[in-house]
Amino acid sequence: DQQVKQNSPSLSVQEGRISILNCDYTNSMFDYFLWYKKYPAEGPTFLISISSIKDKNEDGRFTVFLNKSAKHLSLHIVPSQPGDSAVYFCAASGLTGGGNKLTFGTGTQLKVEL
Amino acid sequence: SAVISQKPSRDICQRGTSLTIQCQVDSQVTMMFWYRQQPGQSLTLIATANQGSEATYESGFVIDKFPISRPNLTFSTLTVSNMSPEDSSIYLCSVRGDTEAFFGQGTRLTVV
């Protein structure tokens, strides 16, 4: 049972435009959400997170939106840059496992083209 | 933040053999986590390694196949035992900070 889903395996965007990556979850006990970026041959690196008490969190070019009623979150990158080309994972945690366990989506491969 | 060193970074192993992956953290942490990422799949938690007690395994993972050691607060090992081609994956060590998790660079394992 995939509790965190990223339905788009890949996304291609032109440099300077907005990238929107989507993530859906099914477990209503999740209360904290994170986005990670992963380059080949490297471990995932943390990008941005959001708590369920918020609906938006912004950090530079990255903004995460959370719609709790729809169990949906999205990551907006604007403007997109070629260095943003990577696999992006959303992850969720909640009361299960004391809040330490992360459940990941399957990832979206973002390609930013010149 | 935490800096995690993981080795080996990659290996090619014969089926039926075992591989031990090492994970070193630059600070003391209570819990260390081991994940697996199979080709085209998400990161899946294998187990949580606690210092001074046995590791806690997730559903579908057993100690005989993935024994874990946690001798101190900065180090852990994961062994992939009696390997088969289905074990070909990236294995990642992780620790949890205040708000996010930090990962090692991963071990890319290919079983032939």
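Residue numbers begin at 1 in each chain, while the letters A, B, ... track the order of the sequences.
Phe30(A) is connected to Leu73(A) through a chain of hydrophobic side-chain contacts under 4.5 Å among Ile, Leu, Val, Met, Phe, Trp and Tyr, so both are in one cluster. Under the 4.5 Å side-chain contact rule for hydrophobic residues, Phe61(B) and Leu109(B) share a cluster. One hydrophobic cluster, built from ILVMFWY side chains closer than 4.5 Å, cannot hold both Phe66(B) and Leu92(B); they sit in different ones. Ile46(B) and Val29(B) are assigned to two separate hydrophobic clusters, defined by single-linkage of ILVMFWY side chains at heavy-atom distances under 4.5 Å. In the hydrophobic clustering of ILVMFWY residues, with side-chain heavy atoms under 4.5 Å counting as a link, Tyr57(B) and Met31(B) come out apart.
The number of heavy-atom neighbours closer than 6.0 Å to CD of Gln14(A), taken from other residues, nucleotides and ligands shown, is 12 or below. The number of heavy-atom neighbours closer than 6.0 Å to CD1 of Ile12(B), taken from other residues, nucleotides and ligands shown, is 12 or below.
Of the possible donor and acceptor atoms, none in the side chain of Tyr32(A) sits under 3.5 Å from a partner among the backbone N and O of Glu100(B).
When all heavy atoms of Arg96(B) and Lys101(A) are compared, the pair lying nearest together is NH1-N, 4.3 Å.
Counting heavy-atom pairs closer than 4.5 Å to chain B, the top residue among Gly105(A), Ser49(A), Ser51(A) is Gly105(A).
With contacts defined as side-chain heavy-atom distances shorter than 4.5 Å, the pair Ser42(B)/Gln2(A) qualifies. In this structure, the side chains of Thr106(A) and Gln37(B) stay at 4.5 Å or more apart for every pair of heavy atoms. Under the 4.5 Å side-chain criterion, counting only non-hydrogen atoms from C-beta, Thr44(B) is not in contact with Phe104(A). For the pair Pro44(A) and Leu43(B), the minimum side-chain heavy-atom distance is below 4.5 Å.
Under the side-chain contact (heavy atoms from CB on, under 4.5 Å) criterion, Ser89(B) pairs with Arg36(B), Gln38(B), Tyr91(B), sequence neighbours left out.
Neither the backbone nor the side chain of Gln109(A) comes within contact range of chain B, judged by heavy atoms closer than 4.5 Å. With a 4.5 angstrom heavy-atom cutoff, Tyr39(A) does not touch chain B via any of its atoms.
We find the CD1-CD distance between Ile90(B) and Glu42(A) to be 11.5 Å, quoted to the nearest 0.5 Å.
Taking the six-membered ring for Trp, Phe46(A) and Phe103(B) have ring centres at least 6.0 Å apart.
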Determine, stepwise, if the pair Leu102(A) / Phe33(B) fulfils side-chain contact (heavy atoms from CB on, under 4.5 Å).
CA-CA 10 Å; Leu102(A) 290 180; Phe33(B) 304 87; over 6 Å; no
